[in-house]
Amino acid sequence: MSQANKKVIEQFYTAFQNGDVEKMIACYHTKIVFEDPAFGVLKGAEAGSMWRMLIERGKGNIDISYSDVQADEQNGSAHWEAKYPFSKTGRKVHNKIDASFQFKDGKIIQHTDKFDLWKWSSMALGMSGTLLGWTPFMRNKIKQLSRGLLKKYMEK
């Protein structure tokens with residue numbers, strides 16, 4: 001077990017709990033590769049911008065908890081949960097995420113979040129998410145919309 005890498009993960013989620021996006025991003029290597037079902041693969045500044053956008057849009061209404069942090073010299077993992085109102089619908093979301101990490105130079109160089117996009121879309125979008133959230137069409141639409149929001153955010 002690597003206490004140093006475990007501490008990096010804990011610093012990342014503690015900063016997330018506190019809404020401190022700059023401290024979150026400071027845990028990332030400059031060549032970070034982030035991936036999740038909603039955004040797909042984000043590299044470098046895109047990953048930091050995604051966290052900035054999510055925290056700004058959350059306006060302090062995001063409740064973050066984390067547990068089961070483990071790390072060795074190269075890899076790590078954690079379970080985390082986010083509770084928040086989805087901005088487009090106001091519906092309450094309780095997303096449960098399993099994260100995996102890879103480290104380089106004492107920082108996170110790869111961060112992969114896995115969660116059930118169908119469950120998320122059911123909570124966030126209601127009936128349309130429940131009925132269509134499992135389909136490739138809806139999954140691609142969610143990713144397309146998420147990436148579009150990020151692109152607009154990064155342009156401003």
Side-chain angles (χ1 to χ4, degrees), residues 4-71 76-126 129 133 138-156:
N5 287 340
K6 182 178 179 186
K7 186 176 179 182
V8 172
I9 296 171
E10 291 170 341
Q11 288 172 338
F12 180 86
Y13 287 114
T14 299
F16 197 0
Q17 287 175 322
N18 295 328
D20 191 339
V21 72
E22 298 311 317
K23 282 188 180 174
M24 290 173 69
I25 294 168
C27 296
Y28 277 171
H29 191 281
T30 56
K31 294 183 179 177
I32 181 69
V33 176
F34 173 86
E35 182 175 5
D36 83 353
F39 285 91
V41 176
L42 303 174
K43 295 180 180 180
E46 287 180 320
S49 293
M50 177 206 57
W51 292 119
R52 279 187 190 94
M53 179 181 78
L54 293 177
I55 287 176
E56 283 179 23
R57 292 183 73 174
K59 298 177 184 151
N61 291 322
I62 305 173
D63 180 28
I64 302 296
S65 61
Y66 68 94
S67 60
D68 301 324
V69 177
Q70 299 179 25
S77 62
H79 175 80
W80 66 282
E81 299 187 19
K83 296 177 185 174
Y84 58 94
F86 183 59
S87 59
K88 292 248 183 223
T89 62
R91 297 177 57 85
K92 294 193 184 291
V93 171
H94 180 180
N95 202 11
K96 298 177 182 180
I97 302 113
D98 289 312
S100 62
F101 304 92
Q102 290 181 357
F103 302 95
K104 183 175 181 182
D105 303 327
K107 300 206 177 235
I108 300 166
I109 192 157
Q110 187 164 339
H111 177 178
T112 303
D113 280 347
K114 293 186 179 181
F115 59 88
D116 188 326
L117 193 60
W118 183 25
K119 284 183 183 177
W120 178 88
S121 65
S122 296
M123 289 182 277
L125 305 173
M138 183 62 95
R139 290 175 181 268
N140 289 334
K141 188 72 171 167
I142 290 168
K143 195 178 293 184
Q144 182 182 35
L145 290 170
S146 297
R147 296 295 296 245
L149 285 171
L150 180 58
K151 183 179 178 189
K152 284 182 187 175
Y153 179 83
M154 290 179 73
E155 288 171 352
K156 70 172 187 153

Checklist entry - Where do Asp113 and Ala99 come nearest, in terms of heavy atoms and distance? => result OD1-CB, 3.2 Å
Item to check | Distance (rounded to the nearest 0.5 Å) between Ser146 OG and Lys141 NZ | outcome: 11.5 Å
Next on the checklist: Could you go through Glu22 and Arg52, starting from their C-alpha distance and side-chain angles, then the distance that decides it, and tell me whether this counts as side-chain contact (heavy atoms from CB on, under 4.5 Å)?
Outcome noted: CA-CA 8 Å; Glu22 298 311 317; Arg52 279 187 190 94; 3.0 Å; yes
Can you give each donor-acceptor pair under 3.5 Å made by side-chain atoms of residues 149-156, sequence neighbours left out, with the distance rounded to 0.1 Å?
from, atom 1, to, atom 2, distance (Å)
Tyr153, OH, Glu56, OE1, 3.3
Tyr153, OH, Glu56, OE2, 2.7

Next on the checklist: Could you go through Phe103 and Ile109, starting from their C-alpha distance and side-chain angles, then the distance that decides it, and tell me whether this counts as side-chain contact (heavy atoms from CB on, under 4.5 Å)?
Outcome noted: CA-CA 5 Å; Phe103 302 95; Ile109 192 157; 5.8 Å; no
Checklist entry - So, Glu35 and Lys114, do they make that salt bridge, N to O below 4.0 Å? => result no
Item to check | ring-ring contact (aromatic ring centres under 6.0 Å, His included) partners for Phe101, two or more places apart | outcome: His111
Item to check | Evaluation steps, side-chain contact (heavy atoms from CB on, under 4.5 Å), between Tyr66 and Phe16 | outcome: CA-CA 10 Å; Tyr66 68 94; Phe16 197 0; over 6 Å; no
Checklist outcome for this item: Of all heavy-atom pairs linking Gln11 and Cys27, the shortest is CB-SG, 3.9 Å
Checklist entry - Atom CD in Glu81, atom OG in Ser65: separation rounded to 0.5 Å? => result 4.5 Å
Next on the checklist: Please list all pairs meeting salt bridge (charged side-chain N to carboxylate O under 4.0 Å, His left out) that have one or both residues in residues 97-110, counting only residues at least two apart or in different chains.
Outcome noted: none
Next on the checklist: Between Gln17 (side chain only) and Ile64 (backbone N and O only), is there a donor and an acceptor less than 3.5 Å apart?
Outcome noted: yes
Item to check | Spacing of CG belonging to Leu42 relative to CG belonging to Asp36, to within rounding of 0.5 Å | outcome: 7.0 Å
Checklist entry - Of all heavy-atom pairs between Ser87 and Arg57, which one has the smallest distance, and what is that distance? => result OG-NH2, 2.8 Å
Checklist outcome for this item: So CZ of Phe39 and CZ of Arg147: to nearest 0.5 Å the spacing works out to 8.5 Å
Next on the checklist: Testing the basics here: between Gln110 and Ile32, what is the closest heavy-atom pair and its distance to 0.1 Å?
Outcome noted: N-CD1, 3.8 Å
Checklist outcome for this item: All heavy atoms of Ile9 vs all of Gln70, minimum pair found to be CD1-O, 3.8 Å
Checklist entry - Do the two ring centres, one from Phe12 and one from Trp51, sit under 6.0 Å apart? => result yes
Could you tabulate the donor-acceptor pairs under 3.5 Å formed by side-chain atoms of residues 117-124, not counting sequence neighbours?
from, atom 1, to, atom 2, distance (Å)
Trp118, NE1, Thr130, O, 2.8
Trp120, NE1, Tyr84, OH, 2.8
Ser121, OG, Leu117, O, 3.2
Ser121, OG, Trp118, O, 3.0
Ser121, OG, Gly129, O, 3.3
Ser122, OG, Trp118, O, 3.0
Ser122, OG, Thr130, OG1, 3.2

Next on the checklist: Listing request: all salt bridge (charged side-chain N to carboxylate O under 4.0 Å, His left out) pairs with a residue in residues 9-19, at least two apart in sequence or in separate chains.
Outcome noted: none
Next on the checklist: Rounded to the nearest 0.5 Å, what separates atom OG1 in Thr112 from atom CD in Gln102?
Outcome noted: 7.5 Å
Item to check | Close side-chain approach of Ile55 and Met24, heavy atoms under 4.5 Å | outcome: yes
Next on the checklist: Rounded to the nearest 0.5 Å, what separates atom CD1 in Ile108 from atom CD1 in Ile25?
Outcome noted: 11.5 Å
Next on the checklist: On a heavy-atom basis, which atom in Ala47 and which in Tyr28 lie closest, and how many Å separate them?
Outcome noted: CB-CE1, 4.1 Å
Item to check | Qualifying residues under side-chain hydrogen bond (donor to acceptor under 3.5 Å, both in side chains), relative to Arg139, sequence neighbours excluded | outcome: none
